[in-house]
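Take a look at the structure set out below.
For the numbers below, each heavy atom of this structure counts, side chains included, while hydrogens, waters and symmetry mates do not. Order of the sequence lines sets the chain letters (A, B, ...), proteins ahead of strands, with each chain counted from 1.
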Amino acid sequence: MVRIKDAREAAMLGRRSDGTLTRRPLSPHLQVYDMLQMTSLLSILHRISGVVWCGGLVLLSWWLIAAGSGQGAFAAAQWFFGSFMGWVALFGLTIAAWYHTCAGIRHLFWDAGRGFAMEDAYRSGRMVVIGTAALSVITFLLILI
Amino acid sequence: MAEDSASIRSLRSPLGRVRGMGSAKGGTHHWWMQRVTSIALLPLSIWLIFSLSRLIGAEYAVALQWLGNTFNAVLLLAFLAAAFHHTAAGLQVVIEDYIRSDLQRFALICAVNGLAILLWLATTLSVLRITL
């Protein structure tokens with residue numbers, strides 16, 4: 001007998017071919033995937049980069065609120081962004097931001113019902129990786145110039 | 001009539017099946033708004049990332065001048081509105097996927113949305129303060 005601990009699982013009960021009850025996996029059932037496949041790896045990276053963007057939004061908020069508060073608060077924020085930790089954070093955030101943007105475009109095509117064939121999915125996946133690298137390098141160059 | 005008999009395959013009433021599963025009509029709103037805000041964020045975030053990359057380590061006066069520009073301020077306000085909506089919506093989906101306890105899930109979603117609204121108000125006020 002399968003015990004249900006979560007109300008959502010009521011819709012996820014199934015029967016095996018021998019008739020016994022089984023619990024189907026709930027999303028995101030990571031255990032089903034081979035995480036080294038490009039399709040699943042890019043999918044989980046899209047979610048991770050989205051969560052990383054939240055940190056970026058908090059830092060952007062700090063910078064904007066500091067700019068509106070006055071010189072002292074702004075200097076403190078600028079000190080952080082100029083520090084080693086600040087550079088590491090901005091480096092990671094740049095890549096995460098561009099990745100989430102490129103992968104987001106890919107998802108919008110999927111939402112429109114396009115690009116589901118396996119070769120298309122792999123091609124768009126490679127385009128996302130190349131696009132992220134190119135846009136990140138352009139951004140780093142803009143910072144350094 | 002053939003269609004009617006085909007649609008009634010369960011002994012449960014339509015109300016019984018629907019109850020507790022959210023209302024009809026509004027079910028796609030969250031998903032749809034996430035897509036709409038993502039399309040709005042596409043040009044806005046490209047503009048913002050390239051703009052901010054030129055402002056790293058900027059003097060206070062330079063930053064104020066950039067924020068005080070009406071064009072920049074309007075795009076920034078639009079970005080903040082779309083970004084906080086999109087972020088709160090996205091985080092809500094992540095929470096709904098991983099948090100199993102009803103109470104914890106509800107509390108976390110409330111906290112995320114509340115924090116997003118507070119930060120959106122604070123940043124928007126800050127931009128308006130500088131540009132006005």
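Residue contact with chain B, scored on non-hydrogen atoms closer than 4.5 Å, involves the side chain of L108(A) exclusively. Only the side chain of W31(B) comes within contact range of chain A, judged by heavy atoms closer than 4.5 Å. Residue L144(A): no heavy atom, backbone or side chain, is found under 4.5 Å from chain B. For chain A, no part of L125(B) is nearby; none of its heavy atoms comes within less than 4.5 Å. Both the backbone and the side chain of Q71(A) come within contact range of chain B, judged by heavy atoms closer than 4.5 Å. In this structure, chain A has a heavy atom under 4.5 Å from the side chain of L52(B), while its backbone stays farther away. Heavy atoms closer than 4.5 Å to chain A are found nowhere in L128(B), neither backbone nor side chain. Heavy atoms of I105(A) lying under 4.5 Å from chain B belong exclusively to its side chain. Residue L115(B) does not touch chain A at all, counting heavy-atom pairs closer than 4.5 Å. Interface residue W63(A): only side-chain heavy atoms are found under 4.5 Å from chain B.
In terms of modelled atom types and a separation under 3.5 Å, the side chain of T101(A) and the main chain of A97(A) share a donor-acceptor contact. In this structure, the side chain of Y60(B) does not engage the main chain of G72(A) through any donor-acceptor pair within 3.5 Å. Remark: side-chain polar atoms of R129(B) are not paired, donor with acceptor, to backbone N or O of A67(A) under 3.5 angstrom. Formation of a donor-acceptor pair under 3.5 Å by the T20(A) side chain with backbone atoms of R16(A) is not found in this model.
With hydrogens and angles left out, the side-chain atoms of W66(B) and S51(B) include no donor and acceptor closer than 3.5 Å.
Around the CE atom of M127(A), the shell of radius 6.0 Å holds no more than 12 heavy atoms that belong to other residues, nucleotides or ligands.
Here OG of S49(A) is found 11.0 Å from CG of L93(A). Values are rounded to the nearest 0.5 Å.
Options G90(B), A88(B), G57(B) differ in how many heavy-atom pairs under 4.5 Å they form with chain A, and the most are formed by G57(B). With chain A as partner, the option from I39(B), L42(B), L41(B) having the largest number of non-hydrogen pairs under 4.5 angstrom is L42(B). Chosen from L91(B), I49(B), L64(B), V127(B), the residue pairing most often with chain A at heavy-atom distances under 4.5 Å is I49(B).
Remark: aromatic rings of W62(A) and F80(A) are close, center separation under 6.0 Å.
Between W110(A) and F116(A), the ring planes are parallel. Angles under 30° get that label, and only those over 60° would be called perpendicular.
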